[in-house]
Amino acid sequence: MKTSYRDALRAALREALAADARVFLMGEDVGKYGGSYAVSKGLLAEFGPERVRDTPLSELGFVGAGIGAALGGLHPIVEIMTVNFSLLAMDQIVNGAAALRHMSGGQFHVPLVIRMATGAGRQLGAQHSHSFEGWYAHVPGLRVLAPATLADARGMLAPALACPDPVLLFEHVRLYNLEGELAENPEAWRCDIRSAAVRRPGDAVSLIAYGGGVPLSLEAAETLAAEGIDAEVVDLRVLRPLDGETLLASVRRTRRAVVVDEGWKSGSLSAEIVARLMEGAFYDLDAPVARVCSEEVPMPYARPLEDAALPQAHKIAAAARKLVAGT
Amino acid sequence: MKTSYRDALRAALREALAADARVFLMGEDVGKYGGSYAVSKGLLAEFGPERVRDTPLSELGFVGAGIGAALGGLHPIVEIMTVNFSLLAMDQIVNGAAALRHMSGGQFHVPLVIRMATGAGRQLGAQHSHSFEGWYAHVPGLRVLAPATLADARGMLAPALACPDPVLLFEHVRLYNLEGELAENPEAWRCDIRSAAVRRPGDAVSLIAYGGGVPLSLEAAETLAAEGIDAEVVDLRVLRPLDGETLLASVRRTRRAVVVDEGWKSGSLSAEIVARLMEGAFYDLDAPVARVCSEEVPMPYARPLEDAALPQAHKIAAAARKLVAGT
Amino acid sequence: MTAVDPVPFDKALAIGLLSDMLRIRRLEEAAAEWYGAGKIRGYLHLYIGQEAVAAGAVRCLSREDDIVATYREHGHALVRGVPMKAIMAEMFGKAAGCSRGRGGSMHLFDAAIRFFGGNAIVGGGLPLAVGLGLSARMLEESRISACFFGEGAVAEGAFHESMNLAALWRLPVLFCCENNLYAMGTALERSESQTDLCAKAESYKVTALRADGMDVASVHEVTRDALARVRSGAGPCFVEYRTYRFRAHSMFDPDLYRDRDEVEAWKKRGPIHTFSARLKAEGLLSEAEFLALDAKAMAEVSEAVAFAEAAPFEAVEDLARDVVAGEGP
Amino acid sequence: MTAVDPVPFDKALAIGLLSDMLRIRRLEEAAAEWYGAGKIRGYLHLYIGQEAVAAGAVRCLSREDDIVATYREHGHALVRGVPMKAIMAEMFGKAAGCSRGRGGSMHLFDAAIRFFGGNAIVGGGLPLAVGLGLSARMLEESRISACFFGEGAVAEGAFHESMNLAALWRLPVLFCCENNLYAMGTALERSESQTDLCAKAESYKVTALRADGMDVASVHEVTRDALARVRSGAGPCFVEYRTYRFRAHSMFDPDLYRDRDEVEAWKKRGPIHTFSARLKAEGLLSEAEFLALDAKAMAEVSEAVAFAEAAPFEAVEDLARDVVAGEGP
Ligand SMILES: Cc1ncc(C[n+]2csc(CCOP(=O)(O)OP(=O)(O)O)c2C)c(N)n1
Ligand SMILES: Cc1ncc(C[n+]2csc(CCOP(=O)(O)OP(=O)(O)O)c2C)c(N)n1
Ligand SMILES: [Mg+2]
Ligand SMILES: [Mg+2]
């Protein structure tokens with residue numbers, strides 16, 4: 001069937017709400033407004049205001065309430081409108097949800113899913129456009145997902161809800177309108193939340209990306225293919241725990257890698273990927289791993305500046321080209 | 001003169017308060033209580049309650065008020081008791097202080113210093129012991145410092161206050177009681193807030209550390225020296241912007257490096273250091289760069305577990321030994 | 001037309017207020033239009049319907065006072081004195097914009113006139129205003145800081161912490177709450193257990209006043225009184241402006257959560273036509289004068305659009321400027 | 001000895017309350033001692049002086065109810081039913097501790113009796129309690145959630161957001177505020193513009209009651225009334241317990257911010273001696289009975305210490321367990 005990333009996310013929510021009475025969705029404007037990115041549109045009418053619960057503007061409070069609700073036996077899905085706002089709730093996520101199992105010696109666990117929009121490209125400026133998922137990927141006790149395909153948008157919620165630990169799900173704003181075919185059969189989107197995926201096989205260079213970087217990398221791979229460079233595109237999918245094996249296997253084969261990350265370069269998740277490659281594939285590399293990240297500026301509003309600040313397919317292709325040429 | 005890290009920090013605060021009427025200190029219990037780590041002890045009596053201002057428990061509020069006060073012409077020094085609590089104020093720091101200059105097209109700037117305690121080793125458990133300074137080091141618009149010596153504890157505040165942009169200063173809890181000699185002459189502690197420092201020259205391997213990791217690395221270097229391995233210890237000092245040149249110069253000479261970071265390994269600042277070395281010294285390396293970080297667990301309380309979770313001198317020495325032996 | 005109270009101030013002020021409301025209205029209508037044309041992007045939050053608040057309140061402030069606003073701040077910026085050209089150019093993302101195109105609609109700034117933005121974190125401006133007030137006190141400057149925010153922000157922890165700090169320290173802060181009854185699609189009674197916002201403010205021992213936010217005269221009068229209290233050193237003051245936005249929350253909002261009748265009923269109370277009717281009834285305004293004011297506002301808007309269109313974008317090479325002082329990062 | 005009100009309940013309950021207070025007191029004295037000996041480390045926050053609150057309030061709760069507490073929670077844990085051995089072993093960092101030595105004094109947990117910790121972020125437990133209340137409602141379980149916190153937490157945004165959510169959604173949450181007048185070294189009047197905490201709670205339309213936190217009978221009675229309201233479905237309730245800590249904030253606190261006279265005056269109102277005097281005056285307790293209760297408490301403590309001392313630390317190889325389910329991370 002033809003679907004969009006947004007519709008796939010919604011279908012997954014609907015399925016989860018229908019399947020398990022313990023599941024509910026909570027967040028700012030998820031109900032009556034229909035979700036700020038329209039992901040939850042229609043769900044209020046279907047499931048009512050208790051299970052599609054609009055909250056006041058209180059990120060710390062309702063994320064913490066989600067943790068409490070999970071402790072109390074529910075399986076909450078909490079929506080935070082945008083990753084920038086999640087900083088208001090970070091204490092509850094990091095000092096609370098992530099630590100509870102360990103601090104309690106394994107007695108408590110927090111089966112909570114937190115969804116949020118991330119990323120730039122819609123000219124939303126410096127308080128609505130960043131990519132902090134790498135920070136969450138640093139935290140033991142959390143699991144962090146970044147669906148980049150229709151299948152993952154459709155398929156990741158179920159295993160996230162089945163996971164007994166807090167799972168953060170990052171939806172890239174540029175992907176919501178992504179459209180394409182998704183088979184009707186649930187097998188088409190059934191997925192684990194452990195492995196990275198090779199989205200395009202190739203042997204000349206590995207393009208390692210996640211979220212919004214995946215379509216860019218695929219586009220870059222097409223460009224490169226036209227020039228006779230056969231790039232492999234690896235979609236991390238799961239930012240924590242990282243699937244080092246898939247990464248290493250790819251790079252050991254291609255011997256070159258470009259890591260694509262919409263976070264600001266210094267200290268982004270891309271650095272961890274480079275470090276993993278240093279640790280596990282140093283002797284296999286023909287050239288130092290390259291990175292294509294966001295420029296280190298709070299995201300500017302103006303279109304040309306925002307474009308210049310972000311990773312782009314042509315930048316990825318250029319980095320890959322340079323790696324291949326240099327060896 | 002003989003001094004301690006704590007006393008050196010206090011002397012710097014006193015000097016700053018005395019020198020400039022626009023400077024004031026604000027935070028929870030900095031006044032009447034004397035500072036939770038006793039850094040500001042005695043300053044209330046000396047400067048009065050307007051300039052050594054106790055705040056209610058309102059991290060978001062008083063950090064934001066610090067930003068506003070800086071916009072209004074003051075030079076606030078805001079103390080957050082512990083880096084874990086800074087997550088409550090992260091929105092103001094990241095979405096606010098760091099972004100204001102850029103968002104306003106350069107019209108506003110925020111001459112604010114935020115000090116906080118970081119790190120583990122005092123059995124304070126999973127909500128008081130982490131090392132999130134690497135997160136702040138990811139953010140354009142901020143400057144991030146980590147004094148590891150008496151001289152830096154004494155000297156970093158003045159240039160931080162002179163800096164027209166927000167500066168975060170991380171004091172490692174294990175260092176407060178560090179004692180030693182500091183010359184009386186201000187030249188002894190005058191410092192820039194741009195460069196890393198080589199704390200011990202050596203040619204066999206570079207131990208790259210900051211904050212609490214510096215004494216551990218020096219200790220490891222002593223152990224290694226006894227075995228005939230001459231380790232260089234590089235203290236990052238400034239976590240943002242990173243002084244890549246000093247790092248690269250060291251590693252190009254030693255051809256091997258161990259990065260020490262008390263953050264959890266995945267996604268810690270150590271990853272960025274590794275990535276910089278990948279990018280700038282790949283062809284100079286005789287072996288992949290190694291990392292000694294905290295184990296990926298919320299910090300446990302029990303002494304043996306906390307010890308096991310943290311970087312230790314013997315782990316650093318072992319990593320260095322392995323690098324040297326392997327080549 | 002029912003009887004109206006006489007306008008409680010002189011003609012020059014009355015005309016000034018009306019003119020400001022018209023300028024905001026015309027600016028915003030143009031912004032909507034150019035959004036439709038794709039020249040303005042990102043989030044655009046229109047202020048249409050609420051003009052009386054910015055027009056009436058901002059005019060009470062002195063040039064030394066500080067203003068902190070939200071993402072719905074075109075009106076406040078304009079009345080404060082940010083040139084319309086600079087606002088429009090900012091929305092177009094141009095280097096001549098009041099934030100050099102870095103900010104866009106949500107992040108208008110102007111240091112020269114102490115306009116501290118344009119904050120798009122709901123509640124995020126409140127602590128800044130507290131700090132500005134603190135700086136005024138410590139520097140012994142007589143300015144006060146005024147913070148505009150929506151009723152939705154009242155649920156945020158930032159509101160609570162800021163009210164308490166300002167009250168505890170008796171800071172010269174004016175909290176200007178524009179209660180337009182909705183935070184995106186969430187009605188006040190679905191976000192606050194206590195919907196009497198003045199009662200909430202009073203729980204911090206902060207004096208709270210209420211103004212009819214659809215009536216620029218009420219806004220002006222109440223704000224003036226509130227400011228007098230703040231300036232007297234009595235500590236912060238809170239004003240609730242009861243108002244309504246006629247448009248959707250942003251250009252992305254399908255506006256499905258409000259009753260059409262409710263919107264229409266509020267439109268009947270529109271601040272521009274009610275105030276001009278009143279001025280006419282008082283003999284302070286003729287239809288010709290009204291048309292002239294409106295024409296002037298429209299001319300200003302056309303000029304601003306022409307300016308914004310013609311202005312260049314900042315060169316991409318300058319992307320990294322203004323991240324930190326000097327050479328960054 | 002002045003005349004005292006008759007104790008408003010039967011002997012068994014009275015003795016139970018007294019016994020719990022003694023058990024807390026002796027446990028904490030031992031903790032202080034073993035802290036001095038270096039066996040307990042990190043932060044240790046003693047509850048001495050406040051025992052009436054935990055003893056009186058926790059006993060009102062049913063086994064199904066949920067409890068969320070702070071870092072000053074030994075008393076609550078003990079009265080709730082966490083074995084003293086498990087508490088002491090936890091403070092000693094041993095694997096037999098109620099959090100396997102992972103938590104320490106600030107992070108006592110016991111899932112079996114719905115004791116949700118042990119939260120060392122001031123105000124951090126409040127949203128959890130709201131969520132627990134929400135889960136009770138949605139799962140149609142009759143439990144309520146009780147959250148203990150200090151008056152210092154009231155300034156945090158978390159308090160504000162939690163009160164509003166609980167009131168707005170009419171959740172079965174009991175907010176138990178232990179007002180011991182200080183947050184570390186910060187006295188209430190230096191942290192709140194409004195020091196009447198019940199008035200603050202009422203500003204959320206939450207019913208607020210006040211109890212004498214030095215009097216276990218008052219605590220018990222008021223808590224029982226508050227719980228009855230919550231159980232009736234009337235939404236959350238707030239109780240302010242006026243109390244005082246006799247010891248410093250933590251073992252690191254030089255306690256320089258309080259007047260010695262003030263401390264001594266409060267000690268005269270110590271919950272254990274006043275309550276036992278009252279029971280004696282009522283003929284419900286003899287000195288011998290008192291001594292026997294105390295001896296029993298001390299014996300329990302000695303046993304707990306012996307247990308904690310003898311217990312092993314968790315093997316370092318198991319460091320990474322209980323980070324995530326199954327094999328982590
Ligand atoms: C912290 C935060 N959470 C959520 C949002 C998304 N958001 C933007 S405006 C808004 C509604 C705010 O309503 P109100 O404060 O009443 O102001 P109004 O828009 O009515 O002027 C929301 C939820 C945000 N910008 N910041
Ligand atoms: C968010 C946060 N800020 C600061 C601290 C440090 N701290 C621990 S206890 C405390 C005082 C709390 O006072 P109160 O809430 O009255 O509880 P009490 O200690 O009196 O029981 C402070 C400031 C903390 N643990 N968490
Ligand atoms: Mg509103
Ligand atoms: Mg207290």
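Since the structure is predicted, the reported quantities are computational estimates derived from the model, not experimental observations. In what follows, every chain begins at residue 1, and chains take the letters A, B, ... in the order their sequences are listed.
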Within a radius of less than 6.0 Å around [atom1] of [X], do more than 12 heavy atoms belonging to other residues, nucleotides or ligands occur?
X: D:Lys94; atom1: NZ; answer: yes
X: A:Glu245; atom1: CD; answer: no
X: D:Arg231; atom1: CZ; answer: yes

To the nearest 0.5 angstrom, please state how far the CD atom of D:Glu161 sits from the CG atom of A:Leu88. 8.0 Å

Quick check for you: to the nearest 0.5 Å, what is the distance between D:Leu132 atom CG and A:Leu71 atom CG? 5.5 Å

Nearest heavy atoms of [X] and [Y], plus distance in Å:
X: A:Gln107; Y: D:Phe109; result: NE2-O, 3.3 Å
X: A:Leu60; Y: D:Ala158; result: CD2-CB, 3.7 Å
X: A:Gly72; Y: D:Ser135; result: CA-OG, 3.3 Å
X: D:Val323; Y: A:Pro140; result: CG1-CB, 3.8 Å

I'd like to know which of A:Gly96, A:Ser104, A:Ala98 tops the heavy-atom pair count under 4.5 Å against chain D. A:Ser104

Please determine, among A:Arg51, A:Arg53, A:Arg22, the option with the most heavy-atom pairs under 4.5 Å with chain D. A:Arg53

Without swapping roles, check the side chain of A:Asp165 against the backbone of D:Ala325 for a donor-acceptor pair under 3.5 Å. yes

Donor-acceptor under 3.5 Å (A:His102 side chain, D:Gly103 main chain): no

Using a cut-off of under 4.5 Å on heavy-atom pairs, state which of [options] scores highest against chain A.
options: D:His160, D:Met106, D:Arg137; result: D:Arg137
options: D:Met138, D:Arg114, D:Glu90; result: D:Met138
options: D:Leu171, D:Val68, D:Val130, D:Leu134; result: D:Leu134

Determine whether [X] and [Y] make a side-chain contact, defined as any pair of heavy atoms from C-beta on separated by less than 4.5 Å.
X: A:Leu100; Y: D:Phe116; value: no
X: D:Ser99; Y: A:Phe108; value: no
X: A:Gln92; Y: D:Ile121; value: no
X: A:Pro56; Y: D:Leu165; value: yes

Measuring heavy-atom distances to chain A, does D:Leu168 have an atom under 4.5 Å in its side chain, in its backbone, in both, or in neither? side chain

Region of D:Asp110 that comes under 4.5 Å of a non-hydrogen atom in chain A: both

Side chain, backbone, both or neither: which part of A:Glu50 has an atom under 4.5 Å from a heavy atom of chain D? both

